[in-house]
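Working notes, structure below.
What you are looking at is a predicted structure, and each value in this text was computed from that prediction instead of being measured. In what follows, chains are A, B, ... by sequence order, proteins preceding strands, each numbered from 1.
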Amino acid sequence: MAEIPEKPTLDGIEPLWIESWEAEGVYRFDRTAGREQVYAIDTPPPTVSGSLHMGHVFSYTHTDTIARYQRMRGKSVFYPMGWDDNGLPTERRVQNFFGVRCDPSVPYQPGFQPPFRGDPPKDHQAVSISRPNFIELCEELTHQDEKIFEDLFRRLGLSVDWTYLYATIDERSRRVSQRAFLRNLARGEAYTQEAPTLWDVDFKTAVAQAELEDRERPGAYHQVKFARTDGDGDVIIDTTRPVLIAACVALVAHPDDERYQPLFGSTVRTPLYGVEVPILAHPLAQIDKGTGIAMICTFGDVTDVTWWRELNLPTRAIIGRDGRIVATPPSGLDSPDGVAAFEQIAGLYVNQAQNKVVEALRESGAMIGEPRPITHPVKFFEKGDRPLEIVTSRQWYIRNGGRGAELRRDLLARGESLTWHPDHMRHRYANWVEGLNGDWLISRQRYFGVPIPVWYPVDAHGETDYDRPIVPDESMLPIDPSTDVPPGYSTDQRDQPNGFTGDPDVMDTWATSSLSPQIAAQWEDDADLFARVFPMDLRPQAHDIIRTWLFSTVVRSHFEHDSLPWTNAALSGWILDPDRKKMSKSKGNVVTPLDLFDKFGSDAVRYWAASARPGVDTAFSEEQMKVGRKLATKLLNASKFVLGFGEPPADATPTSPVDLAMLARIADTVDEATRAFDEYDYARALERTEATFWWFCDDHLELVKGRAYNVHGTEGAVSAQVALRSALSALQRLLAPFIPFATESVWRWWQNGSVHRASWPTRAELGNTGDVAILDPIGEVLAQIRRSKTEAKTSQKTPVALASVRASAAHVAAVESARVELTDAGSVENWAFTIDDAQSTPVVEVTLSTDGTPD
RNA sequence: GGGCGCAUAGCUCAGUUGGCUAGAGCGCUUCCCUUACAAGGAAGAUGUCGGGGGUUCGAGUCCCUCUGCGCCCACCA
């Protein structure tokens with residue numbers, strides 16, 4: 001217990017309590033607790049290569065209020081933290097910081113020292129290093145950032161148990177990720193396939209459906225003539241990508257389109273290249289689009305892939321993985337003129353080639369009119385800078401229902417049985433699962449990440465046999481097939497005939513983070529811990545990654561554990577600029593969380609965050625933070641005031657009707673806050689608590705302070721003191737999840753231990769005998785007395801010569817029961833009461849003792 | 001085109017199975033240095049609850065419809 005300071009302050013309290021909490025282990029998970037006693041949270045691991053912004057502060061605060069509530073309810077809270085240092089952003093940073101490049105073909109060098117630690121000169125040639133070395137450097141670099149993140153989260157007051165920290169590239173994460181993958185593979189849930197895939201030409205990697213986004217780009221329709229091979233005129237198509245004419249394998253129109261029905265089965269020649277292609281019918285062709293007939297290219301968009309597959313068309317790929325037109329013409333493009341035309345664009349980037357093609361079309365007379373500019377949505381990798389192309393490549397997939405009705409149904413059912421906060425977020429899940437059009441592509445042609453843990457046999461001719469991957473034993477994990485050698489082979493057989501070759505790819509970052517519950521719970525590494533925390537209770541996350549993180553986590557858990565990974569999902573909203581636009585990092589205007597902690601205090605920032613309803617986009621508001629700071633300050637002062645009345649005898653109980661009614665009102669608030677928290681509505685719990693707290697300070701304390709000062713005798717004073725202390729104790733605990741620093745300060749003035757380990761208040765501890773109904777008429781009378789003084793523009797201390805109350809019998813009784821308190825608070829000298837049951841609220845006629853006396 | 005959400009005081013929002021004489025905070029106005037708090041406190045003004053229709057004794061709340069805004073998905077020759 002601490003002294004009550006003469007002048008309580010919020011300044012500088014954060015470091016003090018952060019240190020105490022750590023030293024006392026206030027937030028340590030008690031791993032002896034059984035599953036029913038545990039509340040487990042699947043904390044989102046923030047990307048360490050970015051910076052923490054208000055969005056993090058916002059949503060992590062929401063989760064923390066829930067965690068603190070559950071802890072006070074007696075749960076052992078499993079609240080780990082993770083760092084997401086796996087993926088493209090980290091890869092880029094490690095390259096730029098150390099002046100290195102990951103190259104899986106390079107052997108591992110123990111004790112490797114990078115050429116630079118920060119700011120390599122511009123002309124520096126990146127040094128190629130092995131993937132294990134690259135991962136080591138990543139861990140070194142991200143460690144610094146992680147420290148900053150950790151400090152910030154501690155400063156925010158997150159009640160995380162930091163002993164359960166993980167990083168998505170650390171050894172355990174790699175082991176879990178690879179083990180889960182191998183089990184998916186063994187059960188047939190993961191498979192490899194060579195197929196057209198969406199491809200980012202800058203990152204030179206395949207990307208998954210979930211990582212796509214549309215961006216509006218300028219384009220133009222070009223009307224192009226294809227000559228009919230029967231010589232009977234031309235077929236005219238509209239295309240935004242004439243560059244792909246060389247990749248054209250057919251024209252297609254709708255089967256019901258009468259204009260083209262006579263042409264189905266006939267052929268045309270592509271302009272410039274003279275390749276003969278058929279005219280086919282397919283229901284995906286749209287009659288009212290362009291000229292109603294489209295060219296099918298391999299591949300311009302995903303519809304082309306569908307047509308190509310369903311119409312059994314040949315492949316004429318012309319765009320390479322580097323985004324350039326390939327050097328040699330595709331099969332079927334073999335006429336001398338055609339080859340000559342193709343050579344004009346070979347090796348060019350796609351947009352340069354497009355200009356060349358348009359020029360050539362114009363010269364040849366195959367183009368009708370001029371291009372008509374339009375703006376249209378184009379598919380991009382969400383982290384990419386250039387439109388995606390479609391190339392054919394071998395990739396790994398995990399089934400996700402995109403190609404199987406039964407699995408899709410099962411996964412939809414999982415989404416149904418999950419409890420969503422707010423509930424309507426479930427639609428986004430269902431919407432996404434229903435719209436899937438392929439399995440989950442998990443392999444990435446990157447160098448940094450969790451390696452796909454397989455090798456392939458190489459036959460006597462040096463050909464790789466992809467259909468019979470060699471898998472490691474789980475006891476070997478994690479492995480890196482680029483440096484580790486499969487069982488039964490020796491190092492010198494790598495990439496040799498009759499030897500083996502390692503899979504060069506890494507897994508998508510979501511393939512690892514989809515296992516965050518298993519990673520945090522130390523799946524298979526610590527079966528006892530896992531049994532105590534899995535399936536977890538809560539997944540908190542942002543709503544924009546339902547389709548990625550949330551969904552993929554459900555998929556992995558469904559396969560591995562035949563269960564949901566958690567029972568509740570809480571989706572937080574966005575932070576908006578004060579002008580209601582989504583707050584973006586790029587704007588650069590953003591205040592950093594640290595500045596705000598310094599300016600308003602962590603509690604005040606938390607208050608702002610906790611005021612936002614679950615799942616609702618919320619404007620950034622320093623005004624709200626000021627209000628939060630006022631609340632924390634008020635708590636200090638009110639606590640000091642109440643405790644200053646002294647400690648009543650241990651066996652004393654409240655007796656005054658006003659005291660009992662006040663306690664009953666606090667009990668009602670406890671019920672409301674408890675119910676709200678059980679429904680994950682932390683904002684409602686705060687709002688109800690706050691309203692009661694301000695009423696307690698502004699009305700109740702004013703009413704009873706005279707009696708508490710012992711001006712009316714010991715019995716009344718003791719009753720007031722006991723009641724005030726009960727109420728204060730409950731209010732401090734009700735506010736603890738929101739303003740943990742201020743509540744901890746005031747709690748320790750008079751209690752042992754941390755408020756954050758104290759038990760959540762209950763109705764029972766507050767007694768259950770008070771009549772809340774008397775509070776309204778009492779408050780009304782006090783308000784009217786105050787109003788009359790305000791209207792008379794005089795001090796609230798001005799004595800009231802006569803307060804004449806007209807009210808119903810019940811209200812008169814209520815007011816009389818508080819006559820002592822009202823006399824004190826209103827400085828009333830005389831009372832008169834008139835019973836009038838027609839009066840729905842009391843009316844007070846106030847005669848101020850200064851009435852008639854000139855100033 | 002499909003789905004979801006939002007629309008209540010100048011601003012940000014609450015209003016939980018229909019009972020409201022519609023609330024809070026901020027901002028604004030007035031007053032008070034009252035010994036917990038002047039980085040306080042007391043009090044005041046402000047609304048055709050987006051429009052229209054319906055159900056009901058009663059609708060901000062339920063149903064239909066329209067309008068505007070936002071998000072997700074699909075389409076994107």
Quiz prompt | Pairing string, 5' to 3', for RNA chain B - Watson-Crick or wobble contacts under 3.5 Å, brackets [ ] where pairs cross, | to another strand | solution = (((((((..((((.....[...)))).(((((.......))))).....(((((..]....))))))))))))....
Self-check item: Within residues 675-683 of chain A, residues whose heavy atoms come under 4.0 Å of RNA chain B
Solution: none
Quiz item: Partners of A:Glu679 by salt bridge (charged side-chain N to carboxylate O under 4.0 Å, His left out), sequence neighbours excluded?
Solution: none
Atom pairs, N/O to N/O, protein against nucleotides 1-4 of chain B, distance under 3.5 Å?
residue : atom : partner  : partner atom : Å
B:G3    : O2'  : A:Asn431 : ND2          : 3.4

Exercise. When you get a sec, tell me which of B:G41, B:C76, B:G44 is the closest nucleotide to the side chain of A:Arg787?
Key: B:G44
Quiz item: Which residues satisfy the salt bridge (charged side-chain N to carboxylate O under 4.0 Å, His left out) test with A:Lys640, sequence neighbours excluded?
Solution: none
Self-check item: Selection residues 692-712 of chain A - residue pairs positive for salt bridge (Lys or Arg N to Asp or Glu O under 4.0 Å), sequence neighbours left out
Solution: A:Asp659-A:Arg707, A:Asp699-A:Arg786, A:Glu702-A:Lys705, A:Arg707-A:Glu821
Exercise. Classify the nucleic acid contact of A:Ala430 as base, sugar-phosphate or nothing, counting any heavy atom under 4.0 Å across all strands shown.
Key: nothing
Quiz item: Please, which pairs that meet salt bridge (Lys or Arg N to Asp or Glu O under 4.0 Å) have at least one residue in residues 286-311 of chain A, sequence neighbours excluded?
Solution: none
Below 3.5 Å between N/O atoms, which protein atoms pair up with nucleotides 29-33 of chain B? Just atom names and distances, please.
residue : atom : partner  : partner atom : Å
B:U30   : O2'  : A:Lys793 : NZ           : 3.4

Practice problem: Measure the spacing between CD of A:Gln209 and CH2 of A:Trp432 and express it to the nearest 0.5 Å. | Solution: 4.0 Å
Quiz item: Where does the angle between the aromatic ring planes of A:Phe693 and A:Phe696 fall among parallel (under 30°), tilted (30 to 60°) and perpendicular (over 60°)?
Solution: parallel
Quiz item: Do A:Gln796 and A:Thr790 have side-chain atoms, one donor and one acceptor, less than 3.5 Å apart?
Solution: yes
Quiz item: Using the ring of each side chain (for Trp, its six-membered ring), is A:His700 parallel, tilted or perpendicular to A:Trp695, with breaks at 30° and 60°?
Solution: tilted
Quiz item: Is A:Lys630 salt-bridged to A:Glu690, going by a charged N under 4.0 Å from an acidic O?
Solution: no
Quiz item: What's the spacing between A:Thr375 OG1 and A:Arg217 CZ if we round to 0.5 Å?
Solution: 10.5 Å
Exercise. Indicate whether the side chain of A:Gln732 and that of A:Trp749 have a donor and an acceptor atom separated by less than 3.5 Å.
Key: no
Below 3.5 Å, can you tabulate the donor-acceptor pairs from side chains in residues 248-255 of chain A to any protein atom, sequence neighbours excluded?
residue  : atom : partner  : partner atom : Å
A:His254 : ND1  : A:Asp256 : N            : 3.0

Quiz item: A:Cys697 has a side chain; which of B:A36, B:A38, B:G41 sits nearest to it?
Solution: B:A36
Exercise. May I ask you to say what A:Trp695 touches in the nucleic acid, namely base, sugar-phosphate or nothing, with a heavy-atom cut-off under 4.0 Å?
Key: nothing
Practice problem: Look at A:Lys626 together with A:Glu623 and state whether they make a salt bridge at an N to O cut-off of under 4.0 Å. | Solution: yes
Quiz item: Restricting to pairs with a member in residues 599-614 of chain A, which pass salt bridge (Lys or Arg N to Asp or Glu O under 4.0 Å), not counting sequence neighbours?
Solution: A:Asp64-A:Arg606, A:Lys599-A:Glu622, A:Arg613-A:Asp681
Check nucleotides 22-27 of chain B for protein N or O atoms closer than 3.5 Å to its own N or O atoms and list the pairs.
residue : atom : partner  : partner atom : Å
B:C26   : OP1  : A:Lys630 : NZ           : 3.1

Quiz item: When we call it a touch if two heavy atoms are under 4.0 Å apart, what does A:Glu690 touch: a base, just sugar-phosphate, or nothing?
Solution: nothing
Quiz prompt | Residues in salt bridge (charged side-chain N to carboxylate O under 4.0 Å, His left out) contact with A:Arg259, at least two apart in sequence or another chain | solution = A:Asp257
Quiz item: Between B:C37, B:C75, B:C73, which one does the side chain of A:Arg547 approach most closely?
Solution: B:C73
